[in-house]
Visitor: 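Dropping the structure in here first, questions after.
Numbers restart at 1 for each chain; the letters A, B, ... are given by sequence-line order, proteins then strands.
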Amino acid sequence: MQNVRVRFAPSPTGPLHIGGARSALFNFLLARRFGGQFIVRIEDTDLERSSLESEKNILDSLEWLGITWDEGIRVGGPHAPYRQTERLSIYTEAAEKLLASGQAYRCYCSEEELEAQRQAFIDKGEMPRYAGNCRCLSLEDEARYQAEGRKPVIRFRVPDEGAVTVDDLVRGQVSFDCAGIGDFIIVKSDGIPTYNFAVVLDDASMDITHVIRGEEHLSNTPRQLLIYDALGISRPKFAHVSLILGKDRTKMSKRHGSTSVVAYQSQGYLPEALVNFLVLLGWSPEGEEEIFTLDELISRFSLDRVAKNPAVFDSDKLNYINGVYIRKAEIDRLIELALPHLREAGYIGEELDDQQMQKVRWMMQAVQEKISSMGQVADFAPLFFGDEVTFESDEAKAVLAEEQVPVVLNAFLQKITDGRAIEPDSVKALLKEVTKETKQGGKKVFMPVRVALTGQQHGPDLNYIVTALGQESVVARVRHSAAQLGLSL
RNA sequence: GGCCCGUUGGUCAAGCGGUCUAAGACACCGCCCUUUCACGGCGGUUACAGGGGUUCGAAUCCCCUACGGGUCACCA
């Protein structure tokens, strides 16, 4: 493949959306795969809604995901500036060119007039579109309007006949009839270009070779193509990726749960897991393996394995993939990620002493293989913090009513307080001694101890629970359980 | 509503006219492993939207219908 230059060009009107993240990812992967450049540019021509705060959020999220760029905002590059509002002269110049050649014209219609026209079309049962009032204004007309103080917009003159064909890398050839495209605005009355105009100029001036973006842009593409042709600029290649849908098969929105990358970040998803999950939405690898690091994805990614049909966001699978990465993760990293969740749930404070830190470490080792997102650590926390036990069911209580229980628990209590070091291995040995001395089968020992300690019949490895709890809490918990059930030890 | 895109199991998806009595993954169910659960291993249930063509042969090509989505802004 020739040199590849791709870009991600978000508008900073909100946090980075899951769909945007996938578009960025696809662009990034293609660039890396073919040794090209990935550019990040900011499309902030919507003055009302754009904010620096959103811009920062988007950029931070990209970095968090591990998606890095070669040129653009924050890093600079040969085509700076990378914020559209800082590139206004480029658009003005091109608009003048189009005006001069008659391929664009000034339109003085007010928003109210436009709205009235729209309504008129609707009333007549016709499709609303621009009526073309200002298509052939005389110099006198223009002068008169200007005298009235009207601020014109600039519209692109769309040919009355003919068709525009988009040659799409994922969809093939898609044709649009010019008749269905009204003369659209390329420069707003405040002199700011519209999206359809600015993208073209920026993609052209930044030598973008492939435009990979969401399918919602497909029907905009003919307009952009018209501009490329009018300006005599060569077209890049296009690839429109289908949308990500919510569970009910409509466009993913708030009501389907979290849609922003930061939301997943704060819920305790790992960036590599989110990347892995996202890439599988719309792209499929060649073999049967589905778990890939970014580097592995780079060596495998290709546009011809991108699917045409929309994909439903399946959080079950995200959780599964996140679980895979959690199990692979270093324990220290997991601890760092768990801390905020434990703080938020009130189990720990801002500062941790060594003992608390060690406790969290044991706890994380115990739950690492049981959780699929860091948010779940808080669910397990009651097993590790505090000296009280709540029974999950009558069935659990019944376990402690068995006849061997007093003997078992006494033996356990006696050994745990005999001064030995408490760590997973020694606890394991200790429990074994208890089974031996009380001549009980394993289950008769492990179950009561587990229930007395946690109130539950299932849970993380007992050796780690005992270690994390420490001698004092272990004793306190066993006594608390016994007291609740009237057991005398 | 016009235009555009799409439709393989509950979900993601492979499949590019014969090797499809249709791969793999998630979820679900069962068994094994484990003196719990989870992890892991093994096995199982479940799909070519419907109807017409084209062809010796169609999940794969064409048309229609249905359904879903996108887009028709001085938003991107």
Visitor: Does A:Lys188 place a side-chain N or O at less than 4.0 Å from the phosphate oxygens OP1/OP2 of B:rA76?
Guide: yes
Visitor: Hey, is the side chain of A:Arg305 poking within less than 4.0 Å of OP1 or OP2 on B:rG15, counting only N and O atoms?
Guide: yes
Visitor: Give A:Asp461 one of three labels, base, sugar-phosphate or nothing, depending on what nucleic acid heavy atoms sit under 4.0 Å from its own.
Guide: base
Visitor: Would you classify A:Arg49 as touching base, sugar-phosphate or nothing, given that sugar-phosphate means primed atoms plus P, OP1 and OP2, and contacts are heavy atoms under 4.0 Å?
Guide: base
Visitor: Could you give the distance from CZ (A:Phe26) to CD1 (A:Ile212), rounded to the nearest 0.5 Å?
Guide: 8.5 Å
Visitor: Which label fits A:Trp283 and A:Phe292: parallel for a plane angle under 30°, tilted from 30 to 60°, or perpendicular past 60°?
Guide: perpendicular
Visitor: Remember a base hit wins even if backbone is also touched, and classify A:Arg450 as base, sugar-phosphate or nothing at under 4.0 Å, heavy atoms.
Guide: base
Visitor: Check whether any side-chain N or O of A:Asn309 sits under 4.0 Å from OP1 or OP2 of B:rA13, and answer yes or no.
Guide: yes
Visitor: Expressed as a whole number of Å, how far does the P atom of B:rA73 sit from that of B:rA66?
Guide: 26 Å
Visitor: Establish, with yes or no, whether the OP1 or OP2 oxygen of B:rG40 is under 4.0 angstrom from a side-chain nitrogen or oxygen of A:Arg327.
Guide: yes
Visitor: Expressed as a whole number of Å, how far does the P atom of B:rC3 sit from that of B:rU65?
Guide: 11 Å
Visitor: Using a heavy-atom cut-off of 4.0 Å across all strands, would you classify A:Lys251 as base, sugar-phosphate, or nothing?
Guide: sugar-phosphate
